[in-house]
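Convention: sequence-line order gives letters A, B, ...; per-chain numbering from 1. Predicted, not measured: the structure shown is a model, and the values here were computed from it.
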Amino acid sequence: MSEGHDRTTDRLARALGWASLGLGVVQVAAPGAVSRLSGVDDSARARGTILLVGARELFHAAVLLGSRNPASWVWTRVAGDALDLTALGQALANRAGRRRGRVAAVTAAVAGITAVDMYTAVRANRPHEDRGEDGRDERTMNLHAAITINRPREEVYRYWRDFENLPRFMAHLESVEMVGGGRSRWKARAPLKKTVEWEAEIVEDRSGELIAWRSTEGALVGNSGSVRFSDAPGGRGTEMRVNLGYDPPGGKIGMTLARLLGEHPEQQVRDDLRRFKQVVETGEVVRSEGSPEGTRAVRQLIQRPAQPVR
Amino acid sequence: MKATCWMGRNTVEVQEVPDPRILNARDAVVRITSTAICGSDLHLYDGYIPTVKKGDILGHEFMGEVVEVGSEVSTLRVGDRVVVPFPIACGNCAACEHGLYSVCENSNPNAGLAEKLMGHSPAGIFGYSHMLGGYPGGQAEYARVPFADVGPIKIEDDLPDDQVLFLSDILPTGWMGAEMCDIKPGDVIAVWGAGPVGQFAVASAFLMGAERVISIDRFPYRLKRAERAGAETLNYEEVDILDALRDMTAGRGPDGCIDAVGMEAHHPTGLVHAYDRVKQATRMETERPHALREAIMSCRNGGTVSVIGVYGGLLDKFPMGSLMNRSLTLRSGQCHVQRYLEPLLGRIRNGDIDPSFVISHRMPLEDAPRGYEMFKNKQEECNKVILTP
Ligand SMILES: NC(=O)c1ccc[n+]([C@@H]2O[C@H](COP(=O)([O-])OP(=O)(O)OC[C@H]3O[C@@H](n4cnc5c(N)ncnc54)[C@H](O)[C@@H]3O)[C@@H](O)[C@H]2O)c1
Ligand SMILES: [Zn+2]
Ligand SMILES: [Zn+2]
């Protein structure tokens, strides 16, 4: 489900962008009114300061709303908050009575906003975390996909349980070899015609229900996976839910792995499952001349013309 | 072999391309004896269906002789004469098991692309964009037919190509359009579009027992053809359709309204047409849905609007209020052709219907570019073009 920066943080950042836009427009359009409301209208410099702050808010809005990756820009707001709080602190120290009350209220509001900005910024900078099934904290790229297969549960389970079948429909796998004792050797295609290999062991196996595996100690590419099988309601076959976790021990390998999975790993897992469904239901991966290799996911985007292959 | 290739908007060329070969064990290769140009091909020709690539072979209405079969095909032999349905369907998935062949869950290798636009993917279709599979089409000398053990129907008697070819698409499509109206005794059915699909919808509605069928178009020669099939006709350039239908049905509105026009409808009022053309050209909407809007507005309270005209994406000014407040039912779909092959072949055999009445032009495959031009611009009273390789 989650890759790279997460969507919640981006959504939060974008909401802050809208807030900046609203505030900025008001400050630039009506600095007088703003200064009265904030209780600083007695100062000669207030209007000018508010105009500048308004312009800065508009800058925040532009970067937060214009960027594809807005979360990474939230630090600009945190910096702005720090300036505002400093200015407000001074204003507070110099005032008394009703004005002081207004300045204090604005200061409290800005402090609250700063907290939200900080939270968002910290979220954005933190590597994405997910809680593993056993409750352990992992720094993992987790992928999830589900599909319904028009076959009995046992049959679907059995086909997956033979890991040697996986490369028939998983685009990035070259081969999987069962080596006995629940262990298997996996070979995956990597960019530049290279391959990556690792060994995996089955950690849980409940016939017709669940298969879970993970790479063994020392694998260059730490990864794990599980498939759950359940009866689809009303005789609709089998519901399958796949979770794959990639647990990069170092950033660089993590990157290699992400590239290995293509630019849209989530999409790729879905396509893998679709091909699994084709194999189980129809006997083969379905090919068309636009993407005759069948399992190569990139072909979906870079198709040949729909003409026979020579 | 020679094949009709899409080379860009409004351009097709007959080119020399490699011969097809078996890619899957359930494939067959067919030597094509007759193929046709469809209104759906015009949507590709005009450039309104996304993900068509330069060089794509067009055509989804074809029949011919089996020349090669894959190792898993036991129902067909080399030499068999077959008509091939346009949706590609596996026969194994839940959709196929329920007769919903045009939404087969396995036949579109590019389902991921279709999902982006439509949420879920329909079946693959011959010669109909990469989003719908990237399969070469049948306006060619040969075609590879996937799931050949499921789709093609064998024609074992001496019925000529002209009579059975349209089983591949437009006859079952017109039939399904009428079937979705659930026709009951006394029903009045209105059909927008008097093209070949509309003409088959008219004929089918009568076969299902409709009391009256009203055909709507602007080309008198097409309306005449519908009239010969028994329909009353309305020319939308001469009368206001909503008023005319209200009047003809004494205020009720037709019980079933069939849209056999689709995404490139024309509008008699220049301004409305221009509005939708501009939005379509700038991709703000992908459709010009005048016929559909009118079908919804015209339909009797509680009636059914049956959409067989093809749409590609998003449309604008959709009269949802009319649909909802008046308890209308909206039904639609690419035709589930496989479902209708046997029964309709039976009706052709026993003389209920002779589909060859829609044919207006025949030409060699090489003339496909001229065929497209004529059919698109409705020149020389063009109604349906048959190409022979
Ligand atoms: N659902 C399916 O499976 C399926 C199969 C085949 C064709 N189709 C679709 O059916 C439609 C018709 O196909 P065809 O081969 O008959 O095409 P066609 O181009 O020959 O016919 C379309 C007719 O609609 C008429 N028309 C245009 N605007 C109109 C309007 N506002 N009101 C009434 N009539 C109008 C045109 O004058 C023309 O005669 C196309 O959209 C095609 O893609 C769908
Ligand atoms: Zn067609
Ligand atoms: Zn199917």
Where on Arg310(A) is there a heavy atom nearer than 4.5 Å to chain B: the side chain, the backbone, both, or neither? both
If you check every heavy atom in residues 138-146 of chain B against those of chain A, which residues fall under 4.5 Å? Arg144(B)
Distance in Å, Ile149(A) CD1 paired with Asn92(B) CG, rounded so as to fall on 0.5 Å steps: 12.0 Å
If I take atom CD from residue Gln307(A) and atom CG from residue Asp19(B), how far apart are they, to the nearest 0.5 angstrom? 12.0 Å
Considering heavy atoms only, which positions within residues 20-39 of chain B lie below 4.5 Å of chain A? Pro20(B), Arg21(B), Leu23(B), Asn24(B), Ala25(B), Arg26(B)
For Lys54(B) against Pro305(A), the heavy-atom pair lying closest together: O-CB, 3.6 Å
Measure Met131(B) against the heavy atoms of chain A and call it side chain, backbone, both or neither at under 4.5 Å. neither
Which heavy-atom pair separates Val286(A) from Asn106(B) by the least distance, and what is that distance? CG2-O, 3.3 Å
If you define the side chain from C-beta out and look only at heavy atoms, does anything of Glu289(A) sit under 4.5 Å from Pro136(B)? yes
Residues two or more places apart in sequence or in another chain: which of them pass ring-ring contact (aromatic ring centres under 6.0 Å, His included) with Phe86(B)? His60(B)
Distance (rounded to the nearest 0.5 Å) between Asn150(A) CG and Cys96(B) SG: 9.5 Å
For residues Pro109(B) and Val285(A), determine if any side-chain heavy atom of one lies less than 4.5 Å from a side-chain heavy atom of the other. no
Side chain / backbone / both / neither for Glu105(B) at chain A, heavy atoms under 4.5 Å: both
Just grab all the ring-ring contact (aromatic ring centres under 6.0 Å, His included) pairs involving residues 24-46 of chain B, residues at least two apart or on different chains. Tyr45(B)-Tyr372(B)
Would you compute the distance between atom NZ of Lys277(A) and atom SG of Cys93(B) and round it to the nearest 0.5 angstrom? 6.0 Å
Side-chain touch Arg274(A)/Glu115(B), heavy atoms, less than 4.5 angstrom: yes
Residue pair Glu284(A), Glu72(B): steps toward the side-chain contact (heavy atoms from CB on, under 4.5 Å) verdict: CA-CA 11 Å; Glu284(A) 256 182 300; Glu72(B) 291 289 317; 5.5 Å; no
